Amino acid sequence: MKESYNGEDVLIKDVEVQGRRVNIKVEGGRFAAIGEEAGGEADVVIEGRGAVALPGLYNTHTHAAMTLLRGYADDMLLQAWLSEKIWPLEAHLTGEDVYWGTQLACLEMIRSGTVGFNDMYFFMDEAARAVDKMGMKAQLAYGFIDLFDEEKREKEIKATEALVSSIQAMNNPGIKAAVGPHAVYTVSEEGLSWCAEFSRQQNIGIHVHLAETEQEVTDCVAKTGVRPTQVLDRCGLLTPRTVAAHCCWLDSDDCALLGDRGVFASHNPTSNMKLAVGRAMPYGLLKERGAGLCLGTDGCSSNNNLDMFEEMKFAALLQKFFWHSPTILPAGEALAMASANGAEALGFKGGRLEVGAPADLVLLDRRAACNTPLYNAVSNAVYACNGGAVTTVLCDGRVLMQDGVVPGEAEVLDGARQAIAGLLERHQASVSE
Ligand SMILES: CSC[C@H]1O[C@@H](n2cnc3c(O)ncnc32)[C@H](O)[C@@H]1O
Ligand SMILES: [Zn+2]
């Protein structure tokens with residue numbers, strides 16, 4: 001399999017698409033034909049042998065390089081988890097760590113059928129270098145945290161401007177810049193407003209944590225007199241370019257406001273359950289009010305993987321359980337959240353198995369137990385299979401994995417392991433000083 005991509009044409013033979021055994025032809029990175037008649041010359045021919053074809057998935061909320069912190073701190077409440085464990089270790093991260101941690105995240109996402117993701121972290125120029133190498137699509141934001149301090153705010157502004165310039169200079173249409181105001185409890189309203197205005201001037205996305213815990217809401221009301229959603233709105237951060245992660249503790253007025261502003265709410269069920277935030281995102285109300293609905297894993301330290309098949313299942317089950325409704329968030333809607341909706345949330349066109357669309361494609365093993373029987377491929381994808389059933393992945397027509405092989409996998413794993421060792425060593429040295 002080629003490690004670089006020059007727009008090769010691809011023919012995938014004998015795959016199952018919506019109950020039909022067809023061929024899929026990819027030309028110029030887009031689906032040119034899907035059907036029995038699809039064929040002709042191709043640079044790459046993939047024998048599907050009856051594989052199940054699905055659209056490529058989009059993870060709309062993660063902190064990719066937190067792969068390096070997987071399993072470092074579990075079984076804690078959010079604030080203690082962040083302040084006592086996560087932030088002290090993150091203080092020792094280097095750009096090289098984020099380069100390898102993001103590559104590890106890309107490897108894990110490719111292996112489980114994700115072709116694009118929304119990232120908010122540190123050293124994001126290094127994250128961009130990793131995404132470019134791995135061939136995925138991403139919206140990348142520097143995590144803006146000013147802790148209500150004016151001097152730190154100026155540094156955060158410069159870091160955000162520098163990242164946006166460096167990503168725009170890459171000229172890779174698959175890698176977009178965004179602003180990443182962390183949350184209302186870590187960013188001043190001056191900082192939030194600056195992020196909103198800069199994103200408007202640059203016409204780039206906004207990636208923000210919203211209403212993750214009840215404490216976030218009660219503390220915000222006590223401090224400002226209004227709820228987090230209203231703080232974000234009065235700072236100009238609620239727009240159709242905005243992805244708001246979590247959205248658990250929203251009331252009906254909050255949901256109406258998100259719908260009116262065209263915001264995408266990113267549901268992160270596994271992280272929400274693992275951190276025991278105590279309430280499921282009000283999926284039904286947000287859908288009724290017209291908000292965009294997409295799916296994310298959060299970071300590997302509060303999940304602890306990046307498997308969007310697991311995320312679809314947990315989303316469908318958590319919504320049914322919490323809102324006492326066996327019909328809420330059916331399998332088809334969960335798949336849409338994880339594919340086409342996610343692509344739209346990040347300003348990409350893909351995530352659709354349609355002629356003319358960018359060729360974001362996932363093949364699942366037809367012979368896997370989770371696909372036996374195959375009454376309904378979408379039901380199996382959401383309720384039975386996980387990322388382990390994925391065999392082949394195309395992103396904008398580029399083959400990122402074929403028959404379970406990802407080029408350069410061993411190098412990525414070795415680099416990440418070395419980064420982890422160095423990070424722990426630096427943290428340990430600081431603790432024992
Ligand atoms: C400023 S970069 C992102 C920042 O967010 C931290 N983080 C990871 N998971 C969560 C979460 O669920 N809620 C809030 N913040 C989170 C991450 O560790 C980085 O410090
Ligand atoms: Zn997060």
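One-based numbering, in listed order, for ligands and for the atoms of each. For clarity, every value in this text was computed on a predicted model and none was experimentally measured. FYI, side chains are in, hydrogens and waters are out, and symmetry mates aren't considered; it's all heavy atoms of this structure.
Judged by the 6.0 Å and 45° rule, Lys274 forms no cation-pi pair with Phe314. Cation-pi geometry between Lys223 and Tyr185 is not satisfied (NZ or CZ under 6.0 Å from the ring centre, within 45° of the ring normal).
Atoms of ligand 1 found under 4.0 Å from any heavy atom of Phe122 (numbered from 1 in listed order, with element): 1 (C), 2 (S), 20 (O). Against a heavy-atom cut-off of under 4.0 Å, Tyr185 is close to the following atoms of ligand 1: 14 (C). Within ligand 1, the atoms closer than 4.0 Å to a non-hydrogen atom of Met120 are 2 (S), 3 (C), numbered from 1 in the order shown. Atoms of ligand 1 lying under 4.0 Å from at least one heavy atom of His246, given by number and element, are 12 (O). Heavy-atom contacts of Trp87 reach the following atoms of ligand 1: 20 (O) (cutoff under 4.0 Å).
By the 6.0 Å contact criterion, CZ on Phe321 is open, its count of non-hydrogen atoms from other residues, nucleotides or ligands being 12 or less.
In this structure, a donor-acceptor pair under 3.5 Å is present between the side chains of Gln319 and His267.
Rounding to the nearest 0.5 Å gives a distance of 11.5 Å between CE of Met136 and CZ of Arg398.
Among His182, Met124, Glu212, the residue whose heavy atom sits closest to atom 11 (C) of ligand 1 is Glu212. Between atom 19 (C) of ligand 1 and the options His63, Glu90, His61, the minimum heavy-atom separation is to Glu90.
At a threshold of 2.8 Å, the Zn ion (ligand 2) has a backbone or side-chain N, O or S atom of Asp298 nearer than that distance. The Zn ion (ligand 2) has an N, O or S atom of His63 closer than 2.8 Å.
Panel note: side chain Asp254, backbone Thr229; no donor-acceptor pair is recorded below 3.5 Å.
In this structure, Leu69 does not count as a contact residue of ligand 1, since none of its heavy atoms falls inside 4.0 Å of the ligand.
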